[in-house]
Amino acid sequence: MQKKACKQPCDTNSLRKLGHSFFQRSSVELGLDLIGKILVRRVRGREYRARIVETEAYVGPHDSASHASRGRTRRTEVMFGPAGHAYVYLIYGMYEMFNIVAGEEGDAQAVLIRAAEPLNGWKADLSGPGKLARGFAITRSDNGLDLTTNALFLLDDPDYRPRIARSKRVGVDYAKEWKDALLRFFDANSAAVSKPRNFSERADTPRPGAY
DNA sequence: GCGTCGATGGCA
DNA sequence: GCCATCGACGCG
């Protein structure tokens with residue numbers, strides 16, 4: 001299950017850009033399927049690419065770990081909007097968090113992008129959501145951005161086969177019955193996954209409706 | 001290598 | 001008052 005065709009530096013020029021329909025699924029499905037996809041940033045005349053290796057699903061207003069559980073506010077507004085847009089917020093006064101809105105309009109589902117492996121010779125530490133957003137120069141000014149445009153978008157990489165594992169989400173111990181839900185997904189082959197690196201043996205796709 | 005703690009600002 | 005975090009520091 002090693003990556004065969006695409007060791008670094010990766011020739012990603014023929015890869016297909018992901019469109020809106022890719023994001024219009026539950027955050028669990030999207031979070032799983034985003035592992036191995038390539039995030040592309042164009043800023044200040046340069047292009048940066050990295051392979052996503054870790055995500056977390058926030059499944060809707062009933063998920064007490066999700067900002068959407070507090071209802072529709074100025075901050076959470078874009079989570080309630082259409083899929084495929086960026087939800088970016090500030091945490092601990094200094095870290096921007098990059099999320100992708102999932103599901104149907106009004107569902108308020110989202111996937112937090114937690115870690116990625118830089119490609120094409122780009123040297124960066126993207127191992128953790130704060131570091132990833134900083135590395136990609138993603139800030140709150142990108143909140144609501146359509147992720148099918150040129151500034152920030154994703155590429156499919158159908159030949160890449162991650163070894164997907166799952167665990168509970170990080171930093172949500174306050175979230176009552178939701179704190180232990182196995183909604184963090186990552187590529188167990190990747191060294192760029194943030195800690196903690198413990199994972200459950202099973203990485204089955206959850207049954208539809210399990211959450 | 002691991003646990004603990006402080007930074008720092010927006011949010012409800 | 002509380003965070004969907006990170007890095008520095010102390011330990012032994």
Side-chain angles (χ1 to χ4, degrees), chain A residues 23 26-35 37 39 50 52-81 83-103 107-118 123-145 147 152 154 164-187 190-200 206 211:
Chain A
F23 303 100
S26 75
S27 56
V28 173
E29 291 174 273
L30 182 63
L32 281 162
D33 207 12
L34 279 170
I35 304 297
K37 301 295 186 280
L39 182 62
I52 294 170
V53 299
E54 180 181 346
T55 64
E56 277 177 3
Y58 290 81
V59 303
H62 58 299
D63 175 0
S64 47
S66 172
H67 295 164
S69 67
R70 305 213 166 227
R72 193 190 281 243
T73 67
R74 174 131 84 255
R75 179 174 64 162
T76 61
E77 184 68 27
V78 311
M79 283 185 96
F80 288 84
H85 290 249
Y87 168 48
V88 186
Y89 65 90
L90 184 73
I91 192 66
Y92 302 117
M94 56 187 107
Y95 299 109
E96 316 271 350
M97 298 284 109
F98 171 51
N99 301 252
I100 299 177
V101 178
D107 287 353
Q109 299 190 48
V111 176
L112 172 64
I113 309 302
R114 289 191 54 89
E117 287 180 1
K123 303 295 185 209
D125 180 2
L126 308 175
S127 178
K131 291 188 279 191
L132 181 141
R134 191 178 348 121
F136 274 97
I138 294 171
T139 70
R140 283 162 291 165
S141 67
D142 297 304
N143 190 38
L145 184 67
L147 297 175
L152 187 60
L154 289 105
I164 294 181
R166 55 193 312 194
S167 76
K168 53 198 270 195
R169 294 172 292 184
V170 177
V172 297
D173 281 349
Y174 60 88
K176 307 176 180 182
E177 72 272 20
W178 284 93
K179 72 182 177 64
D180 294 323
L182 299 178
L183 294 176
R184 174 177 176 241
F185 311 113
F186 55 96
D187 184 349
S190 173
V193 172
S194 73
K195 37 183 180 181
R197 304 181 59 87
N198 303 328
F199 58 93
S200 64
Y211 293 99

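Each chain gets a letter, A, B and so on, in the order the sequences are listed, and its residues count up from 1. These numbers come from the heavy atoms of this one structure, side chains and all, not from hydrogens, waters or symmetry mates.
Under the 4.0 Å criterion applied to side-chain N and carboxylate O atoms, A/R169 and A/D63 are assigned as salt-bridge partners. Between A/D125 and A/K131 a salt bridge is recorded (basic side-chain N to carboxylate O distance below 4.0 Å).
The base of C/dA4 sits with one of its N or O atoms less than 3.5 Å from a complementary donor or acceptor on the side chain of A/Y89.
Contact annotation: A/R114 reaches the phosphate of C/dT5 (side-chain N/O to OP1 or OP2, under 4.0 Å). In this model, the phosphate group of C/dC6 is not approached by any side-chain N or O of A/K195 to a distance below 4.0 Å at OP1 or OP2. The shortest distance between the side-chain N/O atoms of A/H67 and the OP1/OP2 oxygens of C/dA4 is below 4.0 Å.
In this structure, A/E96 atom CD and C/dA4 atom P are separated by 15 Å, rounded to whole Å. Distance A/R184 CZ to C/dT5 C1': 13 Å, rounded to the nearest Å. Atoms CG (A/N143) and P (B/dG10) sit 14 Å apart, rounded to a whole Å. Atom CZ of A/R140 and atom C1' of B/dC11 are 11 Å apart (whole Å). Straight-line distance from the CD1 atom of A/I138 to the P atom of C/dA4: 19 Å, rounded to whole Å. Here the P atom of nucleotide B/dA12 and the CG atom of A/L90 are 13 Å apart, to the nearest Å. Per the geometry, CZ belonging to A/R70 stands 11 Å off C1' belonging to C/dG1, to the nearest Å. Between the C1' atom of B/dA7 and the CZ atom of A/R134 lies a distance of 13 Å, rounded to the nearest Å.
For A/Y174, counting side-chain heavy atoms from C-beta on, the closest listed nucleotide (C/dA4, B/dG9, C/dC6) is C/dA4. Here C/dT5 is the nucleotide among B/dA12, C/dA4, C/dT5 with the atom lying nearest to any side-chain atom of A/Y95. The nucleotide whose nearest atom lies closest to any side-chain atom of A/M94 is, among B/dT8, C/dT5, B/dC11, B/dT8. The side chain of A/M79 approaches C/dA4 more closely than any other nucleotide in the set C/dA4, B/dG10, C/dG7.
Where A/G93 and A/S194 meet DNA chain C, the nucleotide closest to each residue was compared, and A/G93 sits on the side nearer the 5' end. Judged by closest nucleotide on DNA chain B, A/Y92 is the one of A/T73 and A/Y92 placed further toward the 5' end.
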Chi angles and distances behind the side chain to side chain contact (heavy atoms under 4.5 Å, CB included) call for A/R184, A/V170 = CA-CA 8 Å; A/R184 174 177 176 241; A/V170 177; 3.8 Å; yes
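The environment of CZ in A/R70 is sparse: at most 12 heavy-atom neighbours from other residues, nucleotides or ligands sit within 6.0 Å.
Base pairing analysis places C/dC2 opposite B/dG10; the two distances defining the Watson-Crick or G-U wobble pair are each below 3.5 Å.
For the pair A/R134 and A/F98, the cation does not sit on the ring face, since its NZ or CZ is not both under 6.0 Å from the ring centre and inside 45° of the axis.
At the heavy-atom level, A/R75 lies under 4.0 Å from the strands shown only through sugar-phosphate atoms.
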